[in-house]
Undergrad: 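Here's a structure for you.
Just so it is clear, the values below take in all heavy atoms, side chains as well, and ignore hydrogens, waters and symmetry mates.
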Amino acid sequence: MLTKTAVNEALHIIEGMYPEAECELIHSNPFELLIAVVLSAQCTDSLVNKVTPNLFTKYHAPRDFVAVEQEELEQDIRSIGLYRNKAKNIKKLSMSLIEQFDGEVPQTREELMSLAGVGRKTANVVASVAFGTPAIAVDTHVERVSKRLGICRWKDNVREVEETLMKKVPKEKWADTHHRLIFFGRYHCKAKDPQCSICPLLDMCREGKKRMRQQEVKHG
DNA sequence: AACTCGGGGCA
DNA sequence: TGCCCAGAGTT
């Protein structure tokens, strides 16, 4: 397991690799953010950003999603994939907002996670981006990178990865950490074909060094 | 713990 | 044209 100091050193190096910020979901209020993040499950932010401008021109509040036919909403979001589940969840979620939260987006992670289509990652993104609640949203990139580097343990579940990151990263850097690790995971420490041989973190990376040793054996 | 949902993007 | 991407719900 990497120490607090080593983790912050790693984050600093990653920061140097990617000066610009992560692509973010287009939204202008907490409700639009919530919808956009629910839509973004299993697809990229840029893909979601292609449908949300039209979507938010047509739908402005929970009641608009409740009123529309499921099939029509499915067509409005069809291009992002998994559209039946997502349309169903958005209609259900919108009804919950009206019935339980006076039509507003709740601010706590527990309340957010009670909504259809909102899991731990989505709840953390909404809580932190819309309401400034300190949180680290752990997606597959953050999880994979944290495990390879040895920030957390291999067997940790998402909650444990999140808790370990919160312990090892200063609170004021949580939001930035999320973006940096996603960027690093998507473009460099990829799930398949990670770029270990040119990685500036190789010296401190347990998995990277292991992979390099395996390559040496393979290629004589 | 494994399975399902489903398009777009890119080699 | 087939592989790769990327969470939440269900069983």
Undergrad: Drop me the distance from A:I13's CD1 to A:M204's CE, to the nearest 0.5 angstrom.
TA: 4.0 Å
Undergrad: Tell me the interatomic distance from A:D193, atom CG, to C:dC5, atom C1', rounded to whole angstroms.
TA: 14 Å
Undergrad: Measure the distance from NZ on A:K192 to P on C:dA6 and round it to the nearest whole Å.
TA: 12 Å
Undergrad: Is a side-chain donor or acceptor of A:K209 paired with a backbone partner of A:D203 at a separation under 3.5 angstrom?
TA: yes
Undergrad: For nucleotides B:dC10 and C:dG7, find the distance between their C1' atoms and express it as a whole number of Å.
TA: 23 Å
Undergrad: For the NZ atom on A:K92, are there more than 12 heavy atoms of other groups (residues, nucleotides or ligands in this structure) within a distance under 6.0 Å?
TA: no
Undergrad: Heavy atoms only: give me the nearest A:A123-A:L112 pair and the separation to one decimal.
TA: O-CD1, 3.6 Å
Undergrad: Identify all pairs in which a protein N or O lies below 3.5 Å from an N or O of nucleotides 8-11 of chain C, and state each distance.
TA:
unit_1	atom_1	unit_2	atom_2	d
C:dA8	OP1	A:G119	N	3.3
C:dA8	OP1	A:T122	N	2.8
C:dA8	OP1	A:T122	OG1	2.5
C:dA8	O5'	A:G119	N	3.2
C:dG9	OP1	A:G117	N	2.8

Undergrad: Could you check whether A:E74 pairs with A:R78 (Lys NZ or Arg NE/NH1/NH2 to Asp/Glu carboxylate O, under 4.0 Å)?
TA: no
Undergrad: Could you check whether A:Y83 and A:D76, counting side-chain N and O atoms only, form a donor-acceptor pair closer than 3.5 Å?
TA: no
Undergrad: Compare the minimum distances between each of C:dC5, C:dA6, B:dG6 and the side chain of A:H141, then state the nucleotide with the smallest one.
TA: C:dA6
Undergrad: Treat each ILVMFWY residue as a node, draw an edge where side-chain heavy atoms are under 4.5 Å apart, and state whether A:V68 and A:I90 are in one component.
TA: yes
Undergrad: Expressed in whole Å, how much space separates the C1' atoms belonging to C:dG9 and B:dG8?
TA: 23 Å
Undergrad: Looking at A:H60, I want to see if its NE2 is surrounded by more than 12 non-hydrogen atoms of other residues, nucleotides or ligands under 6.0 Å.
TA: yes
Undergrad: Under 3.5 Å, side chain of A:E32 to main-chain N/O of A:S28, donor-acceptor pair present?
TA: yes
Undergrad: For B:dG6 and A:R84 - does any side-chain N or O of the residue sit under 4.0 Å from the phosphate oxygens OP1/OP2?
TA: yes
Undergrad: Using the P atom in both, what is the distance from B:dG9 to C:dA8, to the nearest Å?
TA: 22 Å
Undergrad: Just the rounded figure in Å: distance from P of B:dC5 to CG of A:L82.
TA: 10 Å
Undergrad: Which whole-number value in Å describes the distance from A:Y187 OH to C:dC5 P?
TA: 13 Å
Undergrad: How many whole angstroms separate atom CD1 of A:I182 from atom P of C:dC5?
TA: 15 Å
Undergrad: Does a side-chain N or O from A:Y83 land closer than 4.0 Å to OP1 or OP2 of B:dG7, or not?
TA: yes
Undergrad: Scan nucleotides 8-11 of chain B against the protein and return all N/O pairs shorter than 3.5 Å with their distances rounded to 0.1 Å.
TA:
unit_1	atom_1	unit_2	atom_2	d
B:dG9	OP1	A:K50	NZ	2.4

Undergrad: What integer distance in Å separates A:Q42:CD from B:dG7:C1'?
TA: 12 Å
Undergrad: Taking atom P of C:dC5 as reference, at what distance in whole Å does atom CG of A:D45 sit?
TA: 17 Å
Undergrad: Taking atom C1' of C:dC5 as reference, at what distance in whole Å does atom CZ of A:R144 sit?
TA: 10 Å
